[in-house]
Amino acid sequence: MKLNERSVAHYATCDSPPDKTGFLFKKGERNTAYHRRWFVLKGNMLFYFEERDSREPIGVIVLEGCTVELCESTEEFAFAIKFDCVKARVYKMAAENQAAMESWVKALSRASFDYMRLVVKELERQLEEIQEANPQDELQLISGPSKENGVAWSKPPAALANARAPPVPPRRKGASLESPVCPGTGCFSKLHDWYGREVEELRVQWLQTFAPFGDATFQSCLD
Amino acid sequence: MRFNEKELVLLSRQPSERAAELGMRGPKKGDVVKKRLVKLVVNFLFYFRTDEEEPIGALLLEQCRVEREDSQTFSIAFLDEAERKYVFECDTEEQCAEWIDSIIKASYEFMRKNLIYYRTEIHRLTGKDPLEQYGISDEARFQVSNGRPLPTVPFLVAL
């Protein structure tokens, strides 16, 4: 199976900060000796390099769907990365001391995309709960980050509801990520489409008022 | 570079965020559009020959830029070689917009930014760190100031 290896290797060495780095011993595939390698954990990818200052990783272990366990080994401070598939490889590793081993096992157990997604969803839910319980806090949010285009995206307070402000797009419950800047709104492209439709409706209204017979001059003014 | 191919193939069989038959063109000169089953699972985009069980390939969706090429076409380019684009042809404008949205949100780094944003907001509104109850407040991956830029409007960055 092909993989965009060059770009994956670039991800390893680019300047986005890694989640954990350090030396570990890794048991070889064919020969059973443990080799000391420099490991870099970024997101759900565990890269390993021959040396700390090597420019390119020798390899990468995609950590999605794995479990990390302590294991019996001739090496001290050993642990294993295991996958749940037929003939899956077990990656046997060993740290240099107890603290390092515990730290790596913790970091690797929490490295999956799924785990991150769970935590994000949970915080998203908590934030929604807090906002619903405290509507006045939404006003604070309006004056906060949502100054994009000078329009307040967030739900307007009841008093202003009669004013002819553009109605706010409906909240999406439980769907994929809300905008991190403007909670309560959908993704940018949906927002964009929504406003596009409103503009279209206004345009039609305007045309009917000012150019009922399809005056070409008026048409071109709108484009 | 070695990678755990078997496990990646296993991953390609997991439930996906989005999957569809799209026209796909590789980044090399002379590559032509071919019909592929394209499947988004976590931060990988797998592509299969239709009706084949094993993917032909996978793209890790970190450090990439997704762009709209025309009303029904989008492209993915990786930041280390921005001229080489993988091009995808959709059936409708809406489908194209949905794919772009999904892919932007599929990166681990994007999720991390969201998490940091939510964590900071909840802390600001309640005075409490929401990660404390899970015992993960000190995890490097959840830190704001781990050399990371403060969250702004992350999902627009790649457009």
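Owing to the predicted nature of the structure, the values given are computational and were not obtained by experimental measurement. Just so we're on the same page: letters track the sequence lines, and every chain starts at 1.
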**Request:** Decide yes or no for A/I58 and B/M1: does some side-chain heavy atom of the first lie under 4.5 Å from some side-chain heavy atom of the second?
**Result:** no
**Item:** Min side-chain heavy-atom separation B/F3-A/E5 under 4.5 Å
**Value:** yes
**Message:** For the backbone of B/L60 and the side chain of A/N4, can you confirm whether one donor and one acceptor N or O come within less than 3.5 Å of each other?
**Reply:** yes
**Request:** Verify the distance criterion only: is there a donor paired with an acceptor across the side chains of B/E109 and A/Y11 at less than 3.5 Å?
**Result:** yes
**Atom pair CD (A/Q131) and CD1 (B/I122), whose distance is rounded to the nearest 0.5 Å** = 9.0 Å
**Request:** Evaluate whether atom CZ of B/R18 has more than 12 neighbouring non-hydrogen atoms of other residues, nucleotides or ligands under 6.0 angstrom away.
**Result:** yes
**Message:** Let me confirm one number: the CG-SG distance from B/L10 to A/C66, rounded to the nearest 0.5 Å.
**Reply:** 11.5 Å
**Request:** Could you check if a side-chain atom of B/Y108 sits within less than 4.5 angstrom of a side-chain atom of A/K42, using non-hydrogen atoms only?
**Result:** no
**Request:** Take A/C14 and B/Q63, measure what side-chain contact (heavy atoms from CB on, under 4.5 Å) needs, and give me the verdict at the end.
**Result:** CA-CA 9 Å; A/C14 75; B/Q63 303 284 306; 3.7 Å; yes
**Prompt:** Are any side-chain N or O atoms of B/R141 and backbone N or O atoms of A/R110, one a donor and one an acceptor, separated by less than 3.5 Å?
**Reply:** yes
**Item:** Which atom of A/F113 lies closest to which atom of B/S107, heavy atoms considered
**Value:** CE1-C, 4.0 Å
**Prompt:** If you round to the nearest 0.5 Å, how far is OG1 of B/T120 from CG of A/L123?
**Reply:** 10.0 Å
**Message:** Please determine whether side chain to side chain donor-acceptor pair (under 3.5 Å) holds for the pair A/E122 and B/Y118, giving the CA-CA distance in whole Å, both sets of side-chain angles, and the decisive distance to 0.1 Å.
**Reply:** CA-CA 10 Å; A/E122 173 57 22; B/Y118 290 134; over 6 Å; no
**Request:** Heavy-atom pairs under 4.5 Å with chain B are the metric here; pick the option from A/N44, A/I61, A/L41 that has the most.
**Result:** A/N44
**Message:** Nearest 0.5 Å, please: how far is CE in A/M1 from CD1 in B/I56?
**Reply:** 11.0 Å
**Message:** Out of B/L59, B/L11, B/V9, return the one with the most heavy atom pairs under 4.5 angstrom to chain A.
**Reply:** B/L59
**Prompt:** More than 12 foreign heavy atoms under 6.0 Å from CZ of A/R125: is that the case here?
**Reply:** yes
**Message:** Looking at B/Q133, I want to see if its CD is surrounded by more than 12 non-hydrogen atoms of other residues, nucleotides or ligands under 6.0 Å.
**Reply:** yes
**Item:** Closest approach of A/G43 to B/R112 (non-hydrogen atoms, all atoms of both residues)
**Value:** N-NH2, 4.0 Å
**Asked** Got a second to check how far A/E124's CD is from B/N114's CG, nearest 0.5 Å?
**Response** 7.5 Å
**Asked** Do side-chain atoms of A/D19 reach the backbone of B/A140 as a donor and acceptor pair under 3.5 angstrom?
**Response** no
**Prompt:** Salt bridge check: are A/R117 and B/E17 linked by an N-O gap of less than 4.0 Å?
**Reply:** yes
**Message:** Measuring from atom CZ of B/F44 to atom CD of A/E64, what distance do you get when rounded to the nearest 0.5 angstrom?
**Reply:** 8.0 Å
**Request:** Please determine if A/K106 and B/D138 form a salt bridge, counting it only when a charged side-chain N lies under 4.0 Å from a carboxylate O.
**Result:** no
**Fill in**
So, the part of B/T126 with a heavy atom under 4.5 Å from chain A: the answer is side chain
**Request:** Provide the closest heavy-atom pair for B/M111 versus A/V120 in the form atom of the first, atom of the second, distance.
**Result:** O-CG2, 3.5 Å
**Item:** Residue B/R84 versus chain A: region with a heavy atom under 4.5 Å
**Value:** side chain
**Asked** Are any of the side-chain heavy atoms of A/V62 and B/E7 separated by less than 4.5 Å?
**Response** no
**Item:** Under 4.5 Å from any heavy atom of chain B - which part of A/F49
**Value:** neither
**Fill in**
Cut-off 4.5 Å, heavy atoms of chain B, and the answer for A/S112 is backbone
**Fill in**
On a heavy-atom basis, the closest approach of B/P130 and A/Q126 is CB-OE1, 3.5 Å
**Message:** If you count every heavy atom of other residues, nucleotides or ligands that lies below 6.0 Å from A/E96 atom CD, does the total exceed 12?
**Reply:** yes
**Request:** With a 4.5 Å cut-off on heavy-atom pairs, point out which of B/V42, B/V41, B/L115 contacts chain A the most.
**Result:** B/V42
**Request:** Verify side-chain contact (heavy atoms from CB on, under 4.5 Å) between B/Y134 and A/V119, making sure each step is shown before the conclusion.
**Result:** CA-CA 10 Å; B/Y134 304 113; A/V119 181; 5.7 Å; no
**Message:** I need the residue from B/K6, B/E54, B/Q14 with the largest number of non-hydrogen atom pairs under 4.5 Å to chain A.
**Reply:** B/K6
**Prompt:** Are there more than 12 heavy atoms of other residues, nucleotides or ligands under 6.0 Å from atom CG of A/D84?
**Reply:** no
